[in-house]
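Have a look at the structure below, then the notes.
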Protein chains: 2
Amino acid sequence: MPGKHPDHPLADFKVGIDNVIFSVDTEQHRLLVLLVMRHEDPFIGQWSLPGTLVRQGESLETASYRVLSEKIRVNNLYVEQLYSFGGPKRDPREAEHAYNVRYLSVSYFALVRFAEAELIADGVSGIAWYPLNQLPELAFDHEEILTYGTLRLRNKVKYSPVVFDILPEMFTLSDLYQLYITILGDDFSDYSNFRTRLLKLGFLKDTGIKTSRGAGRPASLYRFEADAFEPLKDKPMVFV
Amino acid sequence: MPGKHPDHPLADFKVGIDNVIFSVDTEQHRLLVLLVMRHEDPFIGQWSLPGTLVRQGESLETASYRVLSEKIRVNNLYVEQLYSFGGPKRDPREAEHAYNVRYLSVSYFALVRFAEAELIADGVSGIAWYPLNQLPELAFDHEEILTYGTLRLRNKVKYSPVVFDILPEMFTLSDLYQLYITILGDDFSDYSNFRTRLLKLGFLKDTGIKTSRGAGRPASLYRFEADAFEPLKDKPMVFV
DNA sequence: ACAAAAGTGTTGTGATTACACCCATGG
DNA sequence: CCATGGGTGTAATCACAACACTTTTGT
């Protein structure tokens with residue numbers, strides 16, 4: 001195979017993965033993305049999505065999980081592949097090599113529970129949750145990746161029950177409502193209709209336990225019933 | 001950067017693209033995918049998705065389009081990136097190299113007009129449209145890629161107007177209905193309700209021209225009005 | 001007592017479904 | 001004149017948005 005098309009030599013690639021890790025701070029109603037400070041060239045001193053280059057024998061998913069677990073400790077999370085960015089000239093390191101190496105990035109999208117996500121400080125590393133509306137300038141083409149990830153997040157929560165992966169086991173219906181508002185903005189149905197719709201779907205089980213948060217009537221804690229959701233899995237369904 | 005983690009050497013990749021090219025033969029009500037016969041090892045003599053390895057200086061999209069245009073001549077098509085498969089051991093060529101080279105495949109999804117898609121016979125090459133329900137055994141992990149592509153196709157046509165990219169300029173409403181049936185199966189609303197719904201959306205313009213196909217009342221030819229669809233672009237909308 | 005938050009009910013409107021039925025053509 | 005496919009109409013049901021109202025708590 002090599003040398004077969006001498007006029008059209010194949011490109012050699014290093015493959016990186018970049019994680020777009022979202023979380024929601026329900027207390028402060030903020031949608032957050034995890035960024036890390038770069039300590040190496042290129043883009044030293046700039047914020048970037050947590051990523052890494054894929055090692056020998058390592059799958060893409062493993063590499064993605066490796067960086068994630070180096071940065072945060074988390075119990076529950078949702079992950080899926082996002083997109084691959086692989087054009088020439090997207091990484092300045094390509095110029096450094098005499099031999100023509102390309103850098104391709106496979107991006108992953110993750111959603112984690114904010115309360116349980118403990119950032120791992122390794123002494124030097126800058127690592128922080130940034131609200132989506134107060135982003136710093138990002139390295140590489142990470143802004144494009146993040147934009148695409150945000151689009152996917154907003155679509156995902158509308159049509160699939162991913163949010164239950166990042167809510168606690170038991171939650172009130174206003175927790176759920178607030179979560180949607182924080183992710184999507186507040187331009188959808190009012191709380192009362194939201195309640196009725198979600199409850200009619202039948203996969204939220206009232207535990208009977210009440211919780212009181214300051215003034216106001218105590219709220220019931222609900223649980224997401226995966227079994228009851230199962231039959232609805234493939235139905236088109238808008239959650240908000 | 002090289003030599004920084006001597007315990008964890010980076011993997012070197014060749015990047016391939018594989019196209020899942022769908023078309024619909026409306027006459028015969030068959031959903032088709034384009035396959036090519038391999039003339040090289042590995043998997044010589046087996047059918048596979050049309051793919052290629054990415055060349056120096058070439059973007060992923062360009063590579064994808066290059067193979068596509070080597071295989072068929074087509075006027076109208078819809079393309080989007082599908083998924084990246086990159087685990088170790090997915091390509092037997094990895095074993096051939098003394099040095100550890102990995103093969104990553106970025107798959108692309110395409111939808112082309114059957115009537116205008118002229119297959120390019122280059123003398124040797126086997127190339128053929130295969131009905132989705134009569135597939136031969138496929139090389140590599142192409143079956144997995146195709147399964148994923150099919151899923152994407154079915155979702156795509158439900159929520160976006162891609163089908164109009166592969167219908168002729170002017171078409172009857174039963175053409176449209178038949179097309180959906182061929183892609184999705186016939187378990188959705190009846191023709192009469194399908195009509196009403198689509199017409200109410202307002203982006204199908206009756207040209208007034210009638211067409212007669214054998215017996216029965218002649219049908220009106222409709223045109224898809226991109227302008228009229230524009231404002232509906234971001235609304236959640238089920239087409240069938 | 002009253003504010004705050006949770007939860008219920010009502011009402012009008014519009015979408016969806018399952019049909020029955022009419023229309024225009026070829027044989 | 002009838003089979004064939006195109007096209008219209010309708011009535012029952014259901015989903016949805018807006019919003020008024022009741023309930024249960026803390027202060």
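These numbers come from the heavy atoms of this one structure, side chains and all, not from hydrogens, waters or symmetry mates.
- Across the protein-nucleic acid pair, A:K235 atom NZ and D:dA15 atom P stand 13 Å apart, rounded to whole Å.
- Side chains of B:F85 and B:D141 form a contact here, defined as non-hydrogen atoms less than 4.5 Å apart.
- Remark: B:R213 pairs with B:D175 by the side chain to side chain donor-acceptor pair (under 3.5 Å) rule, at least two apart or across chains.
- Counting heavy atoms from C-beta outward, A:Y108 and A:L82 have side chains that stay 4.5 Å or more apart.
- For DNA chain C, none of the residues of residues 180-188 of chain B falls under the heavy-atom distance limit of 4.0 Å.
- Between A:N193 and B:L199, the residue anchored nearer the 5' end of DNA chain D, judged by the nucleotide with its closest heavy atom, is B:L199.
- One interatomic measurement links the two molecules: CZ of A:R195 to P of C:dA5, which rounds to 15 Å at whole-angstrom precision.
- Rounded to an integer number of Å, the gap from A:D190 CG to C:dA5 P is 16 Å.
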**Asked** How does protein reach along nucleotides 20-27 of chain D, written 5' to 3' as B (base within reach of a heavy atom under 4.0 Å), S (only sugar-phosphate), or - (no contact)?
**Response** ---BBBS-

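- Of all the heavy atoms in B:M170 and B:T207, the pair that sits closest is SD-CG2, 3.6 Å.
- Put simply, the side chain of A:L31 reaches to within 4.5 Å of the side chain of A:L153, judged on heavy atoms.
- Spacing between atom CG of A:L173 and atom C1' of C:dT8 amounts to 13 Å, rounded to whole angstrom units.
- Rounded to an integer number of Å, the gap from NZ of A:K200 to C1' of C:dG7 is 16 Å.
- For the pair A:R197 CZ and D:dA18 C1', the computed distance is 14 Å after rounding to whole Å.
- Axis orientation changes by 10° from one end of the helix from C:dA1-D:dT27 to C:dG27-D:dC1 to the other, with each end axis drawn from 5 pairs and the value rounded to 10°.
- No close placement of the B:Y180 and B:F239 rings is indicated, their centers lying 6.0 Å or farther apart.
- If you measure from atom CZ of B:F194 to atom P of D:dG6, you get 12 Å, rounded to the nearest angstrom.
- For C:dA6, one of the phosphate oxygens OP1 or OP2 lies less than 4.0 angstrom from a side-chain nitrogen or oxygen of A:S174.
- Across all strands shown, B:S220 has heavy atoms under 4.0 Å from sugar-phosphate atoms exclusively, and none from any base.
- When each of B:Y222, B:F164, B:F224 is checked for a ring pair (Phe, Tyr, Trp, His ring centres under 6.0 Å) with B:F171, only B:F164 meets the rule.
- When side chains are defined from C-beta on, A:E225 counts as touching A:R223, because their heavy atoms get closer than 4.5 Å.
- Partners of A:E230 by salt bridge (charged side-chain N to carboxylate O under 4.0 Å, His left out), not counting sequence neighbours, listed by chain and number: A:K233.
- The shortest heavy-atom contact between B:I127 and B:L119 is O-CD1, 4.0 Å.
- Salt bridge annotation for B:E80-B:K156: present, with a cationic side-chain nitrogen under 4.0 angstrom from a carboxylate oxygen.
- B:R213 comes within contact range of no nucleotide atom at all, as no heavy-atom separation falls under 4.0 Å.
- Whole-Å rounding puts the A:M237 CE to D:dC16 P distance at 11 Å.
- B:F109 meets the ring pair (Phe, Tyr, Trp, His ring centres under 6.0 Å) test with B:F22; sequence neighbours excluded.
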